[in-house]
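Down below is the structure, laid out as structure tokens.
Here is how names work: the chains are called A, B, and so on, in the same order as the sequence lines, proteins then strands, and each is numbered from 1.
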Amino acid sequence: DAKTTQPNSMESNEEEPVHLPCNHSTISGTDYIHWYRQLPSQGPEYVIHGLTSNVNNRMASLAIAEDRKSSTLILHRATLRDAAVYYCILGYSGAGSYQLTFGKGTKLSVIP
Amino acid sequence: NAGVTQTPKFQVLKTGQSMTLQCAQDMNHEYMSWYRQDPGMGLRLIHYSVGAGITDQGEVPNGYNVSRSTTEDFPLRLLSAAPSQTSVYFCASSYSISGVDTQYFGPGTRLTVL
């Protein structure tokens with residue numbers, strides 16, 4: 001199974017941009033890169049996903065390296081509500097089981 | 001849409017007791033799954049289902065049973081609870097098993113086994 005590597009924790013000041021890195025050097029050509037986040041005492045929630053091109057939505061941006069071996073989740077202006085654990089996950093696009101393999105993620109702290 | 005709902009929110013069991021954690025979704029999703037999350041850890045897949053009548057094991061299936069008689073419901077049964085099953089349990093659903101689909105998670109059930 002392709003795995004991802006993320007820093008255990010990061011800090012950001014409120015209203016500053018945050019860049020959360022993820023390495024996935026064994027990614028296959030058809031794996032999608034997903035980001036989820038988990039707020040305290042809640043279930044994970046979807047943030048963004050992409051395959052090859054950079055992606056933007058109302059929550060964040062996803063920058064994917066040209067070789068797809070790494071990606072970066074960008075929060076443009078961190079707020080206190082963005083304090084959460086962020087998971088970078090590879091989604092298998094083939095037939096058969098669909099398993100999101102969650103690692104420990106990156107715990108983001110936002111400093112007022 | 002209520003999304004993915006789970007009941008109960010909290011549960012305390014004694015060792016050896018059995019119980020069922022309920023999960024329901026109203027999005028007509030084919031794929032449903034159960035995860036457990038231990039303190040400070042990521043989520044681990046217990047069982048999943050790709051449609052009514054079809055279930056399969058995930059990474060940590062021992063001690064748990066599932067069934068999928070309808071598209072909407074996917075209950076998780078603990079046959080004989082053990083302290084090692086103390087955890088937070090999350091149910092999730094998605095439209096299909098495609099790697100592109102978003103998974104929607106319920107709020108979780110916090111289970112303590114004494």
Side-chain angles (χ1 to χ4, degrees), chain A residues 1-9 22 24 27-53 55 57-60 62 64 68 84-107, chain B residues 2-7 9-10 21 23-25 27 29-51 54-61 66 74 87-110:
Chain A
D1 293 352
K3 297 205 184 315
T4 63
T5 304
Q6 300 176 253
N8 289 335
S9 62
C22 180
H24 28 79
I27 190 171
S28 73
T30 54
D31 287 344
Y32 282 81
I33 301 160
H34 294 255
W35 284 81
Y36 285 74
R37 73 178 186 181
Q38 187 173 21
L39 302 172
S41 300
Q42 294 189 28
E45 63 176 354
Y46 168 80
V47 177
I48 199 167
H49 76 276
L51 183 62
T52 55
S53 304
V55 184
N57 66 21
R58 64 175 180 81
M59 290 180 70
L62 175 60
I64 302 172
R68 299 205 336 122
V85 178
Y86 287 78
Y87 297 98
C88 169
I89 299 152
L90 301 182
Y92 310 112
S93 62
S97 69
Y98 173 30
Q99 300 186 23
L100 292 182
T101 302
F102 285 78
K104 294 184 180 181
T106 297
K107 183 174 183 178
Chain B
V4 179
T5 58
Q6 292 183 238
T7 55
K9 285 188 169 53
F10 301 93
L21 280 62
C23 173
Q25 52 89 11
M27 298 174 281
H29 285 171
E30 288 297 319
Y31 184 86
M32 296 186 73
S33 55
W34 276 101
Y35 294 85
R36 62 175 286 173
Q37 185 174 35
D38 299 321
M41 304 292 288
L43 280 73
R44 292 185 291 170
L45 183 67
I46 304 172
H47 285 286
Y48 64 93
S49 168
V50 298
I54 306 169
T55 63
D56 207 345
Q57 297 179 352
E59 181 186 357
V60 288
V66 292
F74 190 44
S87 190
V88 182
Y89 292 83
F90 293 101
C91 179
S93 74
S94 64
Y95 178 71
S96 75
I97 62 170
S98 167
V100 70
D101 281 335
T102 297
Q103 287 213 15
Y104 296 85
F105 287 82
T109 294
R110 293 183 178 274

(request) Locate the shortest heavy-atom distance separating B:D101 from A:H34; write the atom from each residue and the value. (result) O-CE1, 3.7 Å
(request) Considering non-hydrogen atoms only, spot the tightest contact between B:Q37 and A:Y87 and give its length. (result) NE2-OH, 3.2 Å
(request) Compare all side-chain heavy atoms of B:F90 with those of A:Q38 and state whether any distance is below 4.5 angstrom. (result) yes
(request) Give a yes or no on whether the backbone of B:Q103 and the side-chain of A:Y36 come within a donor-acceptor separation of less than 3.5 Å. (result) yes
(message) Filter on salt bridge (charged side-chain N to carboxylate O under 4.0 Å, His left out), then keep only pairs touching residues 36-52 of chain A, sequence neighbours left out; what's left?
(response) A:R37-A:E45, A:R37-A:D82
(message) The criterion is ring pair (Phe, Tyr, Trp, His ring centres under 6.0 Å); which residues satisfy it with B:Y89, sequence neighbours excluded?
(response) B:Y64
(message) Could you check whether atom OH of B:Y95 has more than 12 heavy atoms from other residues, nucleotides or ligands sitting under 6.0 Å from it?
(response) no
(message) Please classify the contact between B:R110 and chain A as side chain, backbone, both or neither, with a heavy-atom cut-off of under 4.5 Å.
(response) side chain
